[in-house]
Amino acid sequence: MTTDTTDGMTADEVTTEKHPVLLVDDESEILFSLRGLLRTEFELHTAESGAEAMEILRRQPIHAIMTDQRMPNMTGVELLRRAKEERPEAVRMVFTGYADIKAVIDAINQGEIYRYLTKPWDPDELVAVFRQACEYYDRLTQRRLLLLDLRDHLKRCGERPGDAVLPHDRAELLERIERAIASDEGRGGVNWGG
C-alpha cells in the first residue's frame, strides 16, 4: 500500500490540489504502470488486494476507485459493493483483461459503477476517464452542498414570522430535497450527514 505525493508537500496539501484516487490490482507491475501514468494529476493510493483497499477506504478520503475484476479472495465487483458501503461518495470503476459479460453485469448491478474499462488500456483514454470521474465527483458534491444549503435556508425561513413560503409548500419542498440528498448518497457526492 503506497501513497504518492508531490515533492515537498504534505498529504493534506496535495489533497486540496489533486483528487485522491485508489488503484487496486493484485499485480504489482500493473500498479507500477498506473502510478507512472497518473501520479502527476492525482493523489494516488494503491492496494494489491480487496482487504488492503478496504483498509485504505476506512482511513483516507477517496474520490475515485479503480479495481481489477479478477483478484484472489475478493473480486473487483465485491470490492466495489463493499466500497459503496464504506465510501458511497467515491466514483467506482472496474477494469479487467478478460471479456466476462457476467462480471460487467454484476459490476453495474451491485457496485453501481461509473465505468467498466478493459486491459490493456490506452494511456490518454485512461487519464481522460479519471478526469471525467473526478469532474463527476465534483458535480455531485456541489449538487449535494447546494441541496443542503437550500434545505437549511427553507428551515430557517419557516421559523420567521411572515414567511413567504406557505407551510404546506415548504414541507413538500423539504421532503423533495431530503429525497434528493438521500439519493446522492448512493451515487457520489459527499455524505456529510445533515
key: Check: Leu117 and Leu126 side chains under 4.5 Å, non-hydrogen atoms   = yes
query = How about Pro120 and Phe95: do any of their side-chain heavy atoms sit closer than 4.5 Å?
reply = no
task = Show your reasoning for whether side chain to side chain contact (heavy atoms under 4.5 Å, CB included) applies to Trp121 and Leu37.
result = CA-CA 11 Å; Trp121 59 84; Leu37 179 63; 3.7 Å; yes
note = Smallest heavy-atom separation, Ala83 atom then Met54 atom, equals N-SD, 4.0 Å
message = Once rounded to the nearest 0.5 Å, what's the spacing between atom CG of Leu57 and atom CD of Gln60?
response = 9.5 Å
task = Flag the pair Ser49 / Asp26 as yes when at least one side-chain heavy-atom distance between them is below 4.5 Å, and no otherwise.
result = no
query = Are any of the side-chain nitrogens in Arg131 or Glu135 under 4.0 Å away from the carboxylate oxygens of its partner?
reply = no
remark   = In short, Ala47 meets Leu31 closest at the heavy-atom pair O-CD1, 3.5 Å
query = If we only count heavy atoms from C-beta on, is the Leu34 to Met66 side-chain gap below 4.5 Å?
reply = yes
Distance, nearest 0.5 Å, that separates OG1 of Thr67 from CE of Met74 = 9.0 Å
query = Do the non-hydrogen side-chain atoms of Glu43 and Val21 ever get within less than 4.5 Å of each other?
reply = no
request  = Ignoring hydrogens and angles, tell me if any N or O in the side chain of Lys84 forms a donor-acceptor pair with the backbone of Ala90 under 3.5 Å.
outcome  = no
message = Just verifying a value: how many Å separate Arg115 CZ and Met93 CE, rounded to the nearest 0.5 Å?
response = 8.5 Å
ask   = Just how far is it from atom OG1 of Thr46 to atom CD of Glu48, taken to the nearest 0.5 Å?
value = 7.0 Å
message = With heavy-atom distances below 4.5 Å as the criterion, would you say the side chains of Arg87 and His63 are in contact?
response = no
query = Between SG of Cys134 and CZ of Arg139, what distance do you get to the nearest 0.5 Å?
reply = 11.0 Å
request  = Determine whether Ile65 and Val91 make a side-chain contact, defined as any pair of heavy atoms from C-beta on separated by less than 4.5 Å.
outcome  = no
task = Taking Thr75 for its side chain and Met71 for its backbone only, find out whether a donor-acceptor pair lies under 3.5 Å.
result = no
task = Would you check if Leu23 and Leu44 make a side-chain contact, meaning some heavy-atom pair closer than 4.5 Å?
result = yes
inquiry  = I'd like to know if Glu85 and Arg81 make a salt bridge, using a cut-off of under 4.0 Å between side-chain N and carboxylate O.
reply    = yes
query = Do the side chain of Gln69 and the main chain of Val77 share a donor and acceptor less than 3.5 angstrom apart?
reply = yes
task = Check the pair Asp68, Thr96 against side chain to side chain contact (heavy atoms under 4.5 Å, CB included), reporting the backbone distance first and the verdict last.
result = CA-CA 5 Å; Asp68 185 24; Thr96 187; 4.0 Å; yes
ask   = Can Lys119 and Asp25 be said to form a salt bridge (charged side-chain N to carboxylate O under 4.0 Å, His left out), step by step?
value = CA-CA 12 Å; Lys119 296 178 189 174; Asp25 198 307; 2.8 Å; yes
inquiry  = Could you check, using the six-membered ring where one of them is a Trp, whether His19 and Phe42 have ring centers closer than 6.0 angstrom?
reply    = no
ask   = Given Glu41 and Phe130, is the side chain to side chain contact (heavy atoms under 4.5 Å, CB included) satisfied, shown in steps?
value = CA-CA 9 Å; Glu41 290 195 44; Phe130 268 95; over 6 Å; no
Qualifying residues under side chain to side chain contact (heavy atoms under 4.5 Å, CB included), relative to Asp122, sequence neighbours excluded = Asp124, Glu125
